[in-house]
Peer 1: 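Just passing along the structure, written as structure tokens.
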Amino acid sequence: MNIKKLAISMNVLLLIMCAGFFISHGLPKSWILWTSTSVWFLAPIVNLSYIYKK
């Protein structure tokens with residue numbers, strides 16, 4: 001399997017897991033959880049944009 005396809009699929013999985021967190025738990029009440037979920041959402045987007053740019 002191509003490493004690029006593996007990286008893309010893992011980043012998409014992270015985005016799905018982030019959406020699943022909000023669906024199952026609702027909106028976080030703690031600022032630490034907000035920070036964690038924002039990093040959890042932004043990191044795969046940055047990775048995917050970098051992969052598609054190359």
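Quick caveat: nothing in here was measured; it's all calculated off a predicted structure.
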Peer 1: Please check if atom OH in Y50 has more than 12 non-hydrogen atoms from other residues, nucleotides or ligands closer than 6.0 Å.
Peer 2: no

Peer 1: Please report the shortest heavy-atom distance between P44 and V39, naming the atom on each side.
Peer 2: CD-O, 4.3 Å

Peer 1: Hey, could you give me the CG/CG distance between N11 and L6, rounded to the nearest 0.5 Å?
Peer 2: 9.5 Å

Peer 1: Verify the cluster assignment for F21 and L14: are they in a single hydrophobic cluster under the rule of side-chain heavy atoms below 4.5 Å apart?
Peer 2: yes

Peer 1: Give a yes or no on whether Y52 and I45 share a hydrophobic cluster (residues Ile, Leu, Val, Met, Phe, Trp, Tyr; joining criterion: side-chain heavy atoms under 4.5 Å apart).
Peer 2: yes

Peer 1: Can any side-chain N or O of S9 pair as donor or acceptor with the backbone N or O of K5 at less than 3.5 Å?
Peer 2: yes

Peer 1: Evaluate the side-chain proximity of L15 to L48: yes if any heavy-atom separation is below 4.5 Å, no if none is.
Peer 2: yes

Peer 1: Looking at CG of L13 and SG of C18, how far apart are the two atoms once the value is rounded to the nearest 0.5 Å?
Peer 2: 11.5 Å

Peer 1: If you draw a 6.0 Å radius around CZ in F41, do more than 12 non-hydrogen atoms from other residues or ligands fall strictly inside?
Peer 2: no

Peer 1: Distance check, rounded to the nearest 0.5 Å: I51 atom CD1 versus I3 atom CD1?
Peer 2: 9.5 Å

Peer 1: CG/L42 to CG/N47 distance, rounded to the nearest 0.5 angstrom?
Peer 2: 11.0 Å

